[in-house]
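Below, read A as the first sequence line, B as the second, and so on, with proteins coming before strands; counting in each chain starts at 1.
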Amino acid sequence: MPQPYSSPIMRQALGDALRPGGLHSTLQLLELAPLPANSLVLDAGCGPGKTAALLQSQMGSRVIALDRSSTLLAQAGQTAAAIAAVQGDLAALPIASESLDAVFCECVLALLDKPEMALAEFHRTLKPGGRMYYSDMTAQRGSTSMESPRKTSCLDGPDDLDSLRQRLLDLGFSVMAEKDQTRLLRETAGRLIFEFGSLELFWQAVLGQSGCRNGCSTNRPGFRPGYVAFLCRKETSYV
Amino acid sequence: MKVDTHFEPASGQWQCGRCREPLQAGTAELEYLGSSFTVGVLVCLQCDQALIPEDMATGKMLEVEQLLEDK
């Protein structure tokens, strides 16, 4: 299975945080809800560890950085040396229930076939009232159905915004703040067009011709991706 | 992101219409609807004017404009 987010081309295109706008949305949510020093925080799908390093250096957090990619996890260990780097599955966290003060999950869940399983795990491992800093791709317009059997990029069938909100509520989170970050996504896409000639050529460079054989995500007729960041809280009245 | 500064137009020796200086490979900052992009183009080193070739204007630039205009 292709691992586009380990690709040097993707790293060059998206920067060290591996998402549109880098740490912009992270800092925006942290400004709304700063973390007390010494908080125990999970960076879920940490990638090269940019958020983990920020949390450690600027918030004084104790950080568990988890990713399924050993390549990215090794990079995270270099970016932020004092983190606990764990290779694992977001749908089965090796973390005790009600032990975390906060979870960061940024531009990751749209890559999963069953994002609700990861969110349920975040809810289980957060302390009551714990916060989740969550950003994700959305489908502002167009089909969210996948043409390929497994997702290879975050643009392979993201959910629409209403579905994302409802899923959070259904799984026991309240939404304290919501920030539309679509401009960051579009600016990144614009840079990719100038750099590679078109978005299709960019995805071909990352995934190869065969990876794009079903039509790269950005070419689906009528499909219009968006990007959103949520600040959430674990509600304890949820049964 | 890397900016390709080795851009050359399809043909011709280009010089600045204002300064008569030969154009050199360089970069220009394009701004549109509050977003800015650095692109590799030919520029006049004296007056900073840049040559935007037709295929860039009707290709990449148009695609980016449509992206940002939410159409």
- Nearest heavy-atom pair of A:Arg224 and B:Gln66: which atoms, and what distance?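 Answer, listing the atom of A:Arg224 first, then B:Gln66: NH2-O, 4.0 Å.
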
- Task: Give the minimum heavy-atom separation between A:Ala189 and B:Leu67, together with the two atoms involved.
- Result: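 Looking at all heavy atoms of both residues, the shortest contact is CB-CD2, 3.4 Å.
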
- Message: For a 4.5 angstrom cut-off between non-hydrogen side-chain atoms, does B:Ser35 reach A:Arg183?
- Response: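 Yes. Closest side-chain heavy atoms under 4.5 Å.
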
- Item | Side-chain heavy atoms of A:Phe194 within contact of B:Leu30, under 4.5 Å |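 SC-SC contact between A:Phe194 and B:Leu30 confirmed.
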
- For A:Thr79, all residues meeting side chain to side chain contact (heavy atoms under 4.5 Å, CB included), sequence neighbours excluded: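 By the side chain to side chain contact (heavy atoms under 4.5 Å, CB included) rule, A:Thr79 matches A:Ala53.
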
Could you state the interatomic distance from [atom1] ([X]) to [atom2] ([Y]), rounded to the nearest 0.5 Å?
X        : Y        : atom1 : atom2 : value
B:Met61  : A:Ile193 : CE    : CD1   : 12.0 Å
A:Glu195 : B:Lys60  : CD    : NZ    : 8.0 Å
B:Leu68  : A:Thr182 : CG    : OG1   : 12.0 Å

- Task: Kindly write out the residues that satisfy side-chain hydrogen bond (donor to acceptor under 3.5 Å, both in side chains) with A:Glu106, not counting sequence neighbours, or none if the list is empty.
- Result: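 By the side-chain hydrogen bond (donor to acceptor under 3.5 Å, both in side chains) rule, A:Glu106 matches A:Arg19, A:Thr26, A:Thr51.
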
- Whether over 12 other heavy atoms sit under 6.0 Å from A:Glu31 CD: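 No, not enclosed.
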
